[in-house]
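Working notes for the structure below.
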Amino acid sequence: MENDPHTKHQFICDILQALHLQTDWFMYNLAHQQPYECIVYRWMLQLYDKNMSSQQAIALIYKARNIFLLQDSSITYKPIDQNTT
C-alpha cells in the first residue's frame, strides 16, 4: 500500500464504517481530543503505516479495543456524582 492520501482516507473510512462510527462525528471528537477517538485514530495511522489491509486492521482494532476497554475501568466505569443529579 502506498502512502497516497486517497488510499489513507479510504482506509480510515473503511475502519470507521466497520466500527459503526460516523466520520463527521468521529473527526469532530478527534479535533476536540476525546480520548477514545484519539486512541482509535492513532491505531489506524500505525496500522496504515505498517501497510496492513483495512480488513486486517479492523480485526486487530476490534481485539485491541475490547482488551483496552475491559482492562481500563476508568473508561468503562464512572460513578454518577450524586450531587449533580
Side-chain angles (χ1 to χ4, degrees):
M1 190 178 336
E2 58 189 53
N3 284 334
D4 175 19
H6 177 72
T7 306
K8 188 178 209 176
H9 174 75
Q10 189 59 51
F11 180 83
I12 291 170
C13 287
D14 290 346
I15 294 171
L16 293 178
Q17 184 178 15
L19 296 175
H20 305 286
L21 299 171
Q22 294 178 350
T23 304
D24 56 346
W25 189 244
F26 181 85
M27 291 301 175
Y28 175 85
N29 287 334
L30 181 63
H32 288 87
Q33 299 184 3
Q34 295 298 312
Y36 176 76
E37 285 77 4
C38 289
I39 291 166
V40 171
Y41 188 69
R42 188 175 319 125
W43 288 344
M44 288 190 290
L45 294 180
Q46 289 172 347
L47 297 173
Y48 180 80
D49 289 342
K50 291 182 179 184
N51 295 322
M52 192 168 286
S53 74
S54 58
Q55 292 304 313
Q56 291 172 316
I58 290 165
L60 192 58
I61 288 173
Y62 270 133
K63 289 178 186 177
R65 183 179 66 167
N66 288 339
I67 291 168
F68 181 77
L69 291 175
L70 291 173
Q71 288 183 350
D72 191 351
S73 62
S74 66
I75 291 175
T76 57
Y77 172 73
K78 284 191 174 185
I80 298 173
D81 185 357
Q82 297 298 325
N83 297 327
T84 59
T85 56

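Just so it is clear, the structure is predicted and the values come from calculations on it, not from any experiment.
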Between [atom1] on residue [X] and [atom2] on residue [Y], distance to nearest 0.5 Å:
| X | Y | atom1 | atom2 | answer |
| --- | --- | --- | --- | --- |
| Q10 | Y48 | CD | OH | 11.0 Å |
| L60 | L47 | CG | CG | 5.5 Å |
| F11 | I15 | CZ | CD1 | 3.5 Å |
| I39 | R65 | CD1 | CZ | 12.0 Å |
| Q56 | I61 | CD | CD1 | 12.0 Å |

Restricting to non-hydrogen atoms, name the atom on [X] and the atom on [Y] that form the minimum distance, rounded to 0.1 Å.
| X | Y | result |
| --- | --- | --- |
| A18 | I58 | CB-CD1, 3.5 Å |
| I12 | L45 | CD1-CD2, 4.5 Å |
| Q33 | C38 | CA-SG, 3.6 Å |

Aromatic plane relationship, Y28 with H32 - under 30° parallel, 30 to 60° tilted, over 60° perpendicular: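 Ring orientation, 0 to 90° scale: tilted.
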
Given 3.5 Å as the limit, does a donor-acceptor pair link the side chain of Y41 with the main chain of F26, or not?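 Not confirmed, Y41 side chain does not pair with F26 backbone.
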
State whether the number of non-hydrogen atoms from other residues, nucleotides or ligands found under 6.0 Å of Q34 atom CD is greater than 12.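 Yes.
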
I'd like to know if W25 and Y36 are part of one continuous hydrophobic network [Ile/Leu/Val/Met/Phe/Trp/Tyr, side-chain heavy atoms within less than 4.5 Å]. no

Could you go step by step and tell me if M27 and L30 meet the side-chain contact (heavy atoms from CB on, under 4.5 Å) rule? CA-CA 5 Å; M27 291 301 175; L30 181 63; 3.9 Å; yes

Go through the steps to decide whether L16 and M44 satisfy the test side-chain contact (heavy atoms from CB on, under 4.5 Å), and finish with yes or no. CA-CA 10 Å; L16 293 178; M44 288 190 290; 4.1 Å; yes

